[in-house]
Number of protein chains: 2
Amino acid sequence: MKRDVFQALADPTRRAILLLIAAQAMTPNAVAEHFKSSRQAVSKHLQVLSEADLLTQQKNGREIFYHLNPDRMTEVEEWITKFKSLLATKFEQLDNVLEQLKNQKS
Amino acid sequence: MKRDVFQALADPTRRAILLLIAAQAMTPNAVAEHFKSSRQAVSKHLQVLSEADLLTQQKNGREIFYHLNPDRMTEVEEWITKFKSLLATKFEQLDNVLEQLKNQKS
DNA sequence: TCATTGCGCAACCAAATGATTGCATATATT
DNA sequence: AATATATGCAATCATTTGGTTGCGCAATGA
């Protein structure tokens, strides 16, 4: 399943997991040891993060290491950048925003 | 109610609303005109964004203009920055991450 | 004054979410 | 071969979420 990156980042536990894995690739059990959450709960979070392409898996024997995929985070950065540039130019840009949002109209 | 900024940004419609209002402060009706969503649905989104302190209200007669609060977005930026700096230094920083996540342990 | 407009709020509903439990499978260890 | 370990997957459940509907209230306008 394809998932929205922002939605994947919405959960604070998932953000913490990302920070952990950003520092070092880890197995689900290793991740779970750092949280109150159970292994299964963590496993579900890892699945969500994987579906958002924020993580990749690397099987090694019976262990599965989850690695970070840094590319996907740039998508968030780009949104923020767009947002900020919009702020900078304000009113002048309203037409452009309207144009870009056109497909969301009824 | 206090709300998580990331959670507020999780919904694509809310992100679009933020872009609109970033370009120009608007009333709920004005916002709703740009979406398929009903006024009440948009109004709820505005409420969520307000609870996350991403928007402020300014009453003017019977109209309420929603303005952007750009400060709150920096919180997201800071998380991303932290994330990226973690990536840059990788393994060396693992201890720091563990230290920061300590309070989330059982 | 009376109708209309802009808006928030509460109740309600279907769908999604986060978590738990139980089980199956593959790999490792004895 | 038998057991233990690491993990995923499905079912289930309570809670949250996004949306609709209906109502009430303040401000505008006739």
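Chain identifiers are assigned alphabetically (A, B, ...) following the order of the sequence lines, protein sequences preceding nucleic acid strands; residue numbering begins at 1 within each chain.
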**Request:** Only one of A:R72, A:K44, A:R3 passes salt bridge (charged side-chain N to carboxylate O under 4.0 Å, His left out) with A:E51; say which it is.
**Result:** A:R3
Taking only N/O atoms, report every protein-nucleotides 11-18 of chain C pair under 3.5 Å with atom names and distance.
| from | atom 1 | to | atom 2 | distance (Å) |
| --- | --- | --- | --- | --- |
| C:dT17 | OP1 | A:Q7 | NE2 | 2.8 |
| C:dG18 | OP1 | A:R14 | NH2 | 3.2 |
| C:dG18 | OP2 | A:R14 | NH1 | 3.2 |

**Message:** With side-chain hydrogen bond (donor to acceptor under 3.5 Å, both in side chains) as the test, pick out the partner of B:H67 among B:Q57, B:Q24, B:Q58.
**Reply:** B:Q58
**Residues touching DNA chain C, which here means a heavy atom under 4.0 Å, drawn from residues 50-65 of chain A** = A:G61, A:R62
**Request:** Return the value, rounded to whole Å, for the distance between atom CE of B:M26 and atom P of C:dC7.
**Result:** 12 Å
**Asked** Looking at B:T27, does any N or O in its side chain come under 4.0 Å of the phosphate oxygens OP1/OP2 on C:dG6?
**Response** no
**Prompt:** Do B:L68 and B:V48 share a hydrophobic cluster, counting only Ile, Leu, Val, Met, Phe, Trp and Tyr and linking them when any side-chain heavy atoms are less than 4.5 Å apart?
**Reply:** no
**Message:** Within the structure provided, determine whether B:V42 and B:V31 are in side-chain contact (heavy-atom separation under 4.5 Å).
**Reply:** yes
**Request:** Report the C-alpha separation of B:M73 and A:F83 in whole Å, then their side-chain angles, then the decisive distance to 0.1 Å, and conclude whether the side-chain contact (heavy atoms from CB on, under 4.5 Å) test is met.
**Result:** CA-CA 9 Å; B:M73 196 63 73; A:F83 181 86; 3.5 Å; yes
**Request:** Measure from CG on B:L9 to P on D:dG18 and round the result to the nearest Å.
**Result:** 12 Å
**Verdict with supporting geometry, B:L20 and B:F35, side-chain contact (heavy atoms from CB on, under 4.5 Å)** = CA-CA 11 Å; B:L20 258 187; B:F35 296 95; 3.7 Å; yes
**Spacing between B:E33 atom CD and C:dT5 atom P, to the nearest angstrom** = 14 Å
**Prompt:** Whole Å only: how far is the OH atom of B:Y66 from the P atom of C:dC7?
**Reply:** 8 Å
**Asked** Less than 4.5 Å apart, any side-chain heavy atom of B:N69 and any of B:T56?
**Response** yes
**Message:** List the residues meeting ring pair (Phe, Tyr, Trp, His ring centres under 6.0 Å) with A:F6, not counting sequence neighbours, and say none if there are none.
**Reply:** A:W79
**Message:** Using the side-chain heavy atoms of B:N29, tell me which of these nucleotides is nearest: C:dC7, D:dG19, C:dT20.
**Reply:** C:dC7
**Item:** CG on A:L9 to CG on A:L54, rounded to 0.5 Å
**Value:** 6.0 Å
**Spacing of B:L49 atom CG relative to D:dT17 atom C1', expressed in whole Å** = 14 Å
**Request:** From the options D:dT7, C:dT21, C:dC9, select the nucleotide whose nearest atom is closest to the side chain of A:R39.
**Result:** D:dT7
**Asked** For A:S43 and D:dT7, is the shortest distance between a side-chain N/O and OP1 or OP2 below 4.0 Å?
**Response** no
